[in-house]
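Okay, structure first, notes after.
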Amino acid sequence: VISWTTMISGYAQNGYDNEALKLFWEMLQAGVKPSSNTIAGVLRACTDLKDLQQGKAIHAYVLRRVLESSVFVGSALVDMYAKCGSVSDALLVFDQIPQKNVVTWNSIIRGYTLRGLVADALKLFAQMQLKGMKPDAFTWSIMITGLAENGQVEEALEFFSQMQVEGIKPSIISWTALIAGYARNGQGNEALKLFNQMQLAGEKPNLVSIATVLPACASLAALEQGKQIHGYSIRNGFQSDVVAGSALVDMYAKCGSIKYACQVFDKMLEKNLVTWNSMITGYAIHGNGKGAISLFHDMVQEGIKPDSITFTGILSACSHSGLMDEGWQYFDIMSQEYGITPNLTHYACMVDILGRCGYLDEAWDFIENMPLEPN
RNA sequence: CACAUAAAAUUACG
């Protein structure tokens, strides 16, 4: 049992979720009875895959075998249902767990915040304390994230302060959650301030912190701050990371330095869709339509499939450099060749292209005939 | 240390 469980958990922890699932069913066929630890491990694989079907199958197995009830399995089930989009099932399981621990509570609260149900999350947060369960750093971070994603940054800050009053030291994750909240809500200055405070508090920024503050620099066009963070990334070996690299490309482009953006982009060993989109959007910002289109061809050549954001970049680039024909062409191929249905932003880009090229009547016609409700 | 929970990059015009 231990060998199987070790293998299954190892797979699940390292992103080999399908292998974990396969191994679990093989284990059953081999006649080995899984322990609750095995179940918890394989449930994690379902959660990562967002595979509700598999998750339910394993839940059913647990019920059939009347496994000794483990809070680990219970929490893993709550988490699985919550992350696979079924809060109601998560709550059903949650209510039936006799000995809830802090992980159980955290899992259900996260389920609610994931769906934007912050008011319900707040209720549960109060409820757990009424039941004598003390929130841990995870709980506080979940609440901070949930509030910030809901636009309630001030409340998120209050939670951040309150956790310290309650004697819980904010982890780097609590800090990053709050910083992300400010960055996303257009308060780049606050985000940068907190980033500095975090370091004064003794937390060393990691990859995620870097990826979180760079957009704050970008939104402020704070090139000097961005460069410092770039330097920090190099010193700490983050520069080869695809997420940090993409964030740097974006930051430099938005700070007005397309040159540095290209330099970082060219040096990156691994590029993904976001990397390409960042560079294409960078060219768009700089009014280099031809450059954006040329990058588009490169990315397709490299086997990266463009998405709707790629086309937003291309169309915006066309609008900023007066490329009306190309604009039409990409607007057409995005659905015809790539199966991407244009959204409101794409339509807005087309109106912008037509308008800037002086085709106001055509722009007006275009709005009147578009299949979406113009905003 | 065979087990479950928290943070991250790209998205029009202005």
Side-chain angles (χ1 to χ4, degrees), chain A residues 1-10 12-13 34-44 47 70-80 82-83 101-111 113 135-146 148-149 170-181 183-184 205-215 218 241-251 253-254 272-282 284 307-313 315-317 319-320 343-353 355-356 375:
Chain A
V1 178
I2 293 181
S3 320
W4 287 97
T5 304
T6 308
M7 283 302 293
I8 291 171
S9 300
Q13 276 172 16
S35 68
S36 49
N37 290 334
T38 324
I39 303 290
V42 75
L43 277 171
R44 178 187 160 140
T47 306
S70 145
V71 69
F72 283 80
V73 171
S75 301
L77 278 169
V78 171
D79 185 51
M80 184 277 293
K83 296 236 175 81
N101 67 13
V102 71
V103 176
T104 324
W105 282 96
N106 290 347
S107 300
I108 190 72
I109 292 175
R110 181 66 182 130
T113 59
D136 66 2
F138 278 55
T139 324
W140 290 100
S141 300
I142 292 168
M143 292 308 300
I144 291 167
T145 304
E149 278 173 350
S171 68
I172 190 164
I173 294 184
S174 326
W175 282 99
T176 311
L178 189 62
I179 293 170
R184 267 198 294 266
N206 61 19
L207 254 176
V208 178
S209 331
I210 297 303
T212 306
V213 267
L214 281 172
D241 180 80
V242 66
V243 173
S246 306
L248 284 167
V249 168
D250 176 64
M251 181 277 294
K254 296 209 171 109
N272 65 17
L273 177 62
V274 176
T275 321
W276 287 95
N277 285 350
S278 302
M279 196 65 244
I280 289 173
T281 303
D307 69 355
S308 90
I309 297 176
T310 316
F311 285 99
T312 299
L315 295 178
S316 158
S319 113
H320 292 157
N343 59 29
L344 258 185
T345 301
H346 298 118
Y347 283 98
C349 285
M350 288 312 293
V351 173
D352 188 43
I353 291 177
R356 286 189 204 235
N375 64 4

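Residues N277(A) and T310(A) bring a donor and an acceptor atom of their side chains to less than 3.5 Å of each other. Under the 3.5 Å distance criterion, with hydrogens and angles disregarded, no donor-acceptor pair is assigned to the side chains of N106(A) and D79(A). If you check the side chains of T281(A) and S278(A), you find no donor sitting under 3.5 Å from an acceptor. For the 3.5 Å distance criterion, the side chains of H346(A) and S308(A) fail to qualify, holding no donor opposite an acceptor.
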I'd like to compare against my own output: the B/S/- annotation of nucleotides 2-7 of chain B with a strict under-4.0 Å heavy-atom distance to protein. BBBBBB
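U11(B) atom P lies 18 Å from atom CH2 of W276(A), rounded to whole Å. A12(B) atom C1' lies 15 Å from atom CZ of F311(A), rounded to whole Å. Straight-line distance from the CG atom of N375(A) to the C1' atom of U11(B): 14 Å, rounded to whole Å. A12(B) atom P lies 16 Å from atom CE of M350(A), rounded to whole Å. With rounding to whole Å, N277(A) atom CG is found 8 Å from U11(B) atom C1'.
Judged by distance alone, the side chain of S75(A) and the main-chain N or O of F72(A) form no donor-acceptor pair under 3.5 Å.
Put simply, the side chain of T113(A) does not reach to within 4.5 Å of the side chain of E149(A), judged on heavy atoms.
Using a 4.0 Å cut-off, no side-chain N or O of H346(A) falls inside it from OP1 or OP2 of U11(B).
Counting non-hydrogen atoms under 4.0 angstrom, N272(A) reaches a base of the nucleic acid.
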